[in-house]
2 protein chains.
Amino acid sequence: MATIRDVAKLAGVSVATISRYLNKSGYVNADTELNIKHAIEKLNYLPSVVARGLAGKSTKTFALILPDISNPFFPELARAVEDVASTYGFTVILCNSDGQIGKEKNYIDILKSKNIDGIIFASNTLGQEDVDKLASFNIPFVCLDRAPTDKSCSVVRSNNREGGRLAVKHLLESGSKKIGHIYGPQDLIPAKERLIGYEESVRGFDWFSPSLMVQGDFGISGGIKATEELIRRHPDIDAIFAGNDLMAVGALKALHRMGIQVPGQVVVCGFDGINMTEITEPELTTIAQPIYDMGALVSRILIKKIEGTIEADQIYELDVTLIPRESTKRSG
Amino acid sequence: MATIRDVAKLAGVSVATISRYLNKSGYVNADTELNIKHAIEKLNYLPSVVARGLAGKSTKTFALILPDISNPFFPELARAVEDVASTYGFTVILCNSDGQIGKEKNYIDILKSKNIDGIIFASNTLGQEDVDKLASFNIPFVCLDRAPTDKSCSVVRSNNREGGRLAVKHLLESGSKKIGHIYGPQDLIPAKERLIGYEESVRGFDWFSPSLMVQGDFGISGGIKATEELIRRHPDIDAIFAGNDLMAVGALKALHRMGIQVPGQVVVCGFDGINMTEITEPELTTIAQPIYDMGALVSRILIKKIEGTIEADQIYELDVTLIPRESTKRSG
DNA sequence: TTACAATGTGGTACCGGTTACACATGAAAT
DNA sequence: ATTTCATGTGTAACCGGTACCACATTGTAA
């Protein structure tokens, strides 16, 4: 591998000039520039990002910390993050935290020792300690969904509460008379917000009762269990709003097992807009978050932070959209 | 951030001793060792991987190049790769190539400039040029599914041909009388092998005709189109073996739209064993590859190559397993 | 007693860039 | 004629580690 000194020698100038040429910092004569260009080509020279990083500059790398890339919500997000990263010349390190603070802390240390430029947290467990650590390390970071407790930081999220309202509205319009809700873990802000959106919208109806709200774990099996419980409590229910798509899939499975027709007897609406919703039978109505856009945005924000072209921390709230499909289409 | 020199000063020894302590290379006195340990703790010292990398050592980083993390096959693989990477202290860079050679080449350059230790190719488009480049850069790499044309390299794959046979066997045993096959792009070795497995198994039957084989694109929509074509050609078909799960999902969709009962009239079997097969209605029978194991293995192999504890290049072929589900369960 | 190995430690060049600083040149301004 | 400034380039210290080599000291075999 050729080094900057090889190039300097071949081009007949000093390394400083090469460096200036490479970084477009300082003056370089037009002729010299040409010489350098040729030398670089001839030697097939590629500057070492590692050396650059050691010299105190950017390593052109950031990390994406998420609970689990196997969770269908994250691949699309990761794809978006990586897409914009790569157009800006950045490279993305993938970290699965499983939502464990320990793993996260561990990653932060490793990442720091690798001099990465920043971190995107799509994880739900960003604790105060983590944030302090990041701050002390002076690593830029951006969060998805959840703002750290007290520290200011940019956050990208979607309008979950409005999504909850949207779901209820749609279910009502499609003729539902009694709507249950399967909510996700309440330590997750989005789950909480969706629940609030639901509650706000149904509170006024006389059919409403708190027992229409059942907790799930944001997974398929949790959706199944919660649905069973919900039907047990309220056999006369005719609509289920699940706090996320995986639980909605679970609801579909549970209802199918119980011989309850969807959308004939009960209609189901999910939340997130993951691809999986298109392959269920019936296809799943969902409140879609703009997952790709969120990933792209969060990535762009981080890069701007890294490059110092961004001012204040800010909360970016994106709109959700109703995607009506078979699972809420009542024939009547 | 404390440096090795800070630690040296505090511990009252030279940097060389600290380095020896850190790398467990050479002699360090027990007392000195204790001093160093304390100094490190006190200063909260973390060795810089970047500096280490520049000094010619490992950057403890490798890349996973795959077509698209959004493709449901890859998240699980990526997860496995990252899991074993992280237990060995490695960090994984995620690269989406979209199967484009240009992007791949680009990544290789960038990765080289970052001094990464190795690459896992889960991409199908590893060209000769890429391989040459890797060889000239002296970057260890391991491939998934596909061996590069002439260069020797370790490959992890599963027994696709046997999987094809297994599928046909299962479909026959479940009472199928005429089995069609939707095969994937023939430039992908696994698709080809599965087709061969199918062909070998059905060639002998009098119902077999080459028109029972239709090409798909390994995607859902391709599966839909191919299924429509297949049914048009052979309305009397009673079983479909799709070359991968996504196309099998497409087949399910297409058949449902055409009002054809699964498994009542036509049974369907997929290939891969992605999670999605559990959420279709009916649940999809599939020939499962040990995706997680493959990822874990390929990751382990690469790390061994990097650490130099592996000898020759080798092909690792893993077994596939039939997972019988609703979609091939004939009531009769 | 001498020779030699094992143990323990320090000095420092080097990895491949960046950048502060010094220094030159020529043109324009005073 | 002198100052000033824009342009252009080189020298060398530095980033934070690694590792080669030199140099002690001590124990032990010849």
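Just so we're on the same page: letters track the sequence lines, and every chain starts at 1.
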Quiz item: cation-pi between A/K304 and A/Y88, 6.0 Å / 45°: no
Check: C/dG16 base within 3.5 Å donor-acceptor of A/R52 side chain: no
Whole angstrom value for the distance that separates P of C/dC14 from CG of A/L54: 17 Å
Salt bridge A/D109-A/K105, side-chain N to carboxylate O under 4.0 Å: no
Length of the CE-C1' vector between A/M1 and C/dG16, whole Å: 11 Å
Closest-nucleotide 5' rank along DNA chain C - winner of A/R5 and B/G26: B/G26
Gap between atoms CD1 and P, on B/I18 and D/dG17 respectively (whole Å): 10 Å
Nearest-Å distance for atom pair CG/C1', residues B/L46 and D/dC15: 17 Å
side-chain hydrogen bond (donor to acceptor under 3.5 Å, both in side chains) evaluation trace for A/S58 with A/D117: CA-CA 6 Å; A/S58 161; A/D117 301 321; 2.6 Å; yes
Touch class at under 4.0 angstrom, heavy-atom based, for B/Y21 against every strand present: nothing
Euclidean distance, atom CG of residue A/N29 to atom P of C/dA24 [Å, nearest integer]: 19 Å
d(OH, B/Y27; C1', C/dT7) in whole Å: 6 Å
Sugar-phosphate only, base, or nothing, as touched by A/S19 at under 4.0 Å among non-hydrogen atoms: base
Side chain A/R20 and base D/dG8 donor-acceptor under 3.5 Å: no
Candidates C/dG17, C/dG11, D/dG16 - which lies nearest the side chain of B/S14: C/dG11
Distance below 4.0 Å between A/K57 side-chain N/O and D/dC15 OP1 or OP2: no
Whole angstrom value for the distance that separates P of D/dA12 from CD1 of A/I4: 17 Å
Nucleotide nearest B/A16 when distance is taken to its side chain, options C/dT18, C/dG16, D/dA19: D/dA19
N or O in side chain of B/N23 less than 4.0 angstrom from D/dA19 OP1/OP2: no
Minimum-distance nucleotide (side-chain atoms of B/V15 versus D/dT18, D/dT11, C/dG17): D/dT18
B/D31 CG - C/dT7 P separation (whole Å): 16 Å
SB check B/K42 B/D6 (cutoff 4.0 Å): no
Heavy-atom donor-acceptor pair, A/K60 side chain to A/T91 backbone, under 3.5 Å: no
Sugar-phosphate only, base, or nothing, as touched by B/V28 at under 4.0 Å among non-hydrogen atoms: sugar-phosphate
A/T32 side chain near D/dT9 phosphate (N/O to OP1/OP2, under 4.0 Å): yes
Contact under 4.0 Å: B/T17 side-chain N or O vs C/dG10 OP1/OP2: yes
Closest contact, heavy atoms only, B/C95 versus B/L111: SG-CD1, 4.4 Å
